[in-house]
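All chains are named by letter (A, B, ...) in the order of the sequence lines, taking the proteins before the strands, and each is independently numbered beginning at 1.
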Amino acid sequence: MPRANDAVEAMLIEYADLLSILFEDPYKPRAYEKAARAVGGYSVDLEGKDLPEILKVPAVGRSIGEKIQEFLTTGELAELEELRERIPPGVRGLMSIPGLGPKKAMVLHQELGVGSVDELVAAIEQDRVAALPRFGAKTQENIARGIRQMQAAGGRVKIDVALGVAETFLELLGSLPEATRAAYAGSLRRMKETIGDVDLLVAGSDAPPVMEAFVTHPSVARVLAKGDTKTSVVTDLGLQLDLRVIPDEAWGAAMIYFTGSKPHNIRIREMAVRRGLKLSEYGLFDAKSGDLLAAESEESVYERLGMQFVEPTLREDRGEVEAALAGELPVVVTERQLKGDLHTHTNLTDGLASLEEMVARAAELGYAYFAITDHAPNLYMQRMTEEKILAQRSRIEKLRRTYPKMTLLHGTELNIDPDGEVDWDGPFLADFDLTVASVHSHFTQSRDEMTARVIRAIENPYVDIIGHLTTRQIGKRPPVDLDLEAVFEAAGRTGTAIEINSHPDRLDLSDEHVLWARRHGVRFAVNTDAHAVPHLDHRRFGVGMAQRGWLTKDDVINAWPLRKLQRFLAAGRP
DNA sequence: GCCGTTTTCGGCCCGACTGTTTTCAGTCG
């Protein structure tokens with residue numbers, strides 16, 4: 001179930017967007033955005049909380065606090081409704097086009113009557129955008145490119161959004177008396193980075209009440225099809241959900257069939273045929289006699305096919321079928337095996353939570369070690385200084401006594417500048433337990449420049465981990481242009497780990513890149529890059545990427561015991 | 001709209017980049 005905080009965050013961001021379109025004052029929307037992020041990252045669920053409790057959230061004052069209260073008690077906000085009436089929803093939608101902000105969106109709306117992305121595309125085709133004041137041919141072309149980039153995401157949503165929707169529906173469906181089991185399948189279960197539609201499975205013999213409960217859920221916007229075994233709807237977010245109701249005894253076969261992927265299913269069905277068997281969503285059968293051989297659990301079906309059980313995240317027909325037949329599947333790393341997080345931020349820089357709050361949650365997660373890695377000074381907006389980070393180190397040293405079972409590591413996230421240099425020099429860096437180095441700007445360098453830049457950082461003996469290597473933001477910013485072959489070779493050669501950034505907007509490295517890097521003997525760190533307490537739970541998505549990249553606990557440095565990790569970090573330093 | 005041992009008013013992370021401009025607005029991180 002998504003937290004009330006997430007709904008409040010979305011509400012405040014919409015309010016901020018509309019303010020920024022309608023009014024000149026830039027500070028008011030910024031205040032709402034700041035409050036939105038603070039609520040989203042706040043570790044206490046605001047559901048049912050009174051005003052004094054709400055006002056404890058940083059950046060939330062009386063005005064915003066009262067709006068949150070109204071929203072939580074009534075489910076809406078009158079002032080937001082008023083703004084919505086003044087600005088068509090499509091105009092706000094224009095702002096999600098890269099390079100298009102509130103001011104240009106408003107001009108397009110006022111001057112050309114553009115109220116949707118489709119209308120904007122039409123206006124561009126008629127060359128009407130370039131003629132607007134302070135626009136021009138290049139701006140028009142940039143907007144057109146932004147639209148193409150956005151549409152390339154193809155209506156897919158990011159994995160965290162899909163997971164939230166799936167969990168909401170499963171809570172309802174799983175509680176029905178007619179349902180004996182309920183789960184999500186499809187690409188969501190395979191942990192793909194974006195999800196086109198969500199597949200839900202319910203086991204039970206009485207389908208109609210289940211279908212009825214499904215289509216009457218409040219977030220269903222449209223029913224596409226409704227039958228006894230399959231029903232499809234579109235939610236108010238525009239996400240398609242397919243629900244299948246299947247007999248309990250066919251659960252395993254159905255989960256295999258609907259988890260996919262399609263190529264994986266084709267491979268195992270072909271295998272079945274060659275053995276005189278037939279595999280469908282109802283079970284594994286003897287082709288001649290029609291006798292049911294296995295169906296109730298996924299394990300039983302794979303076993304009867306003479307294969308190892310294949311983890312859902314591996315079912316992409318990337319060699320997993322052959323490996324499972326040979327008994328050579330990797331034992332992929334799991335969330336439980338992670339012993340620590342090596343990239344996190346606090347409110348000393350751009351994080352939302354204090355050092356103490358972040359560490360407390362890390363202890364709850366049962367970590368053996370935990371690294372704080374706030375931004376170094378070259379990201380100017382963070383205003384880091386040597387004094388501030390040394391003061392943080394003293395605080396961490398004191399905090400160590402409170403957590404005897406967890407080792408606190410003091411690190412920093414360095415900025416890789418356009419030449420591949422990082423903040424601070426060797427002697428100062430040597431005193432950190434670890435460093436993460438990442439690209440944060442100058443994304444448009446040429447492939448050669450960018451490759452040389454990143455490799456220089458990799459070869460820096462004080463750099464332990466490269467953070468979010470390609471800097472992509474899914475559906476928003478493309479990856480930088482890099483010779484990955486050369487980068488992974490350098491990382492393998494120098495023993496510099498590469499991060500799998502677990503944030504659902506990044507998931508950087510992607511699964512394909514993990515598979516590629518692995519061939520060069522690269523080690524990985526599955527990090528959250530958390531800027532708030534709830535972000536620490538994003539590790540599930542990073543682990544999904546690691547599994548999709550066939551990684552075992554031996555490949556992931558933060559699945560190692562502390563001593564082994566420390567030996568790895570110390571290696572290569574002068 | 002929020003916030004405060006530089007402030008209860010006057011600031012608001014600061015700078016780069018792009019494209020449109022003869023001095024700057026918009027967008028982004």
Atom-to-atom span, [atom1] of [X] to [atom2] of [N] - whole angstrom:
X        : N      : atom1 : atom2 : result
A:Leu100 : B:dC28 : CG    : C1'   : 13 Å
A:Phe135 : B:dA25 : CZ    : C1'   : 11 Å
A:Arg477 : B:dC28 : CZ    : C1'   : 9 Å
A:Leu132 : B:dT20 : CG    : C1'   : 13 Å
A:Leu55  : B:dC2  : CG    : P     : 9 Å
A:Asp350 : B:dG15 : CG    : P     : 17 Å

**Message:** Quick check: on DNA chain B, is the nucleotide nearest A:Gly101 upstream (toward 5') of the one nearest A:Gln140, or the reverse? Name the residue that is more 5'.
**Reply:** A:Gln140

All N/O donor-acceptor pairs, side-chain side in residues 21-32 of chain A, below 3.5 Å, sequence neighbours left out:
unit_1  : atom_1 : unit_2  : atom_2 : d
A:Asp25 : OD1    : A:Tyr27 : N      : 2.9
A:Tyr32 : OH     : A:Lys67 : NZ     : 3.0

**Request:** Report yes if the ring of A:Tyr27 lies under 5.5 Å from the six-membered base ring of B:dC12 with planes under 30°, and no otherwise.
**Result:** yes

**Asked** After noting the C-alpha distance and the side-chain angles of A:Glu449 and A:His442, does the key distance pass the side chain to side chain donor-acceptor pair (under 3.5 Å) rule?
**Response** CA-CA 11 Å; A:Glu449 285 172 327; A:His442 300 85; over 6 Å; no

Considering only [options], which nucleotide approaches the side chain of [X] most closely?
X        : options                : result
A:Lys138 : B:dG19, B:dT27, B:dG1  : B:dG19
A:Arg30  : B:dC12, B:dC24, B:dT27 : B:dC12
A:Arg134 : B:dA25, B:dT27, B:dC2  : B:dA25
A:His442 : B:dC2, B:dG29, B:dC17  : B:dC17
A:Thr444 : B:dT18, B:dC13, B:dG1  : B:dT18

**Request:** Give every residue pair that meets the salt bridge (Lys or Arg N to Asp or Glu O under 4.0 Å) criterion with at least one member in residues 415-431 of chain A, sequence neighbours excluded.
**Result:**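 As it turns out, the salt bridge (Lys or Arg N to Asp or Glu O under 4.0 Å) pairs with a partner in residues 415-431 of chain A, which skip direct neighbours, are A:Glu421-A:Arg456.
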
Looking at [X] and [Y], does any basic side-chain N land under 4.0 Å from a carboxylate oxygen?
X        : Y        : result
A:Glu141 : A:Lys138 : no
A:Glu193 : A:Arg156 : no
A:Asp433 : A:Arg400 : yes
A:Arg84  : A:Glu76  : no

Tabulated below should be each protein N or O lying under 3.5 Å from an N or O of nucleotides 3-8 of chain B; please produce it.
unit_1 : atom_1 : unit_2  : atom_2 : d
B:dC3  : OP1    : A:Ala59 : N      : 2.9

Under 4.0 Å, counting only non-hydrogen atoms across every strand here, what does [X] touch: a base, just sugar-phosphate, or nothing?
X        : result
A:Thr139 : sugar-phosphate
A:Pro102 : sugar-phosphate
A:Ala137 : sugar-phosphate

**Request:** Examine B:dG19: is either OP1 or OP2 under 4.0 Å from a nitrogen or oxygen in the side chain of A:Asn142? Give yes or no.
**Result:**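 Yes, within the criterion.
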
**Asked** Between A:Ser441 and B:dG29, does any side-chain N or O lie under 4.0 Å from OP1 or OP2?
**Response**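 A:Ser441 to B:dG29 OP1/OP2: no side-chain N or O under 4.0 Å.
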
**Request:** Starting from the C-alpha separation in whole Å, work towards a yes-or-no answer on side chain to side chain donor-acceptor pair (under 3.5 Å) for A:Asp529 and A:His503.
**Result:** CA-CA 7 Å; A:Asp529 193 4; A:His503 197 292; over 6 Å; no

**Message:** Could you check B:dT7 for me: syn (within 90° of 0) or anti?
**Reply:**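 Here B:dT7 takes the syn form, which means its glycosidic angle is within 90° of 0.
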
**Item:** Complementary nucleotide for B:dT8 - Watson-Crick or wobble, under 3.5 Å
**Value:**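 In the structure as shown, B:dT8 has no Watson-Crick or wobble partner.
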
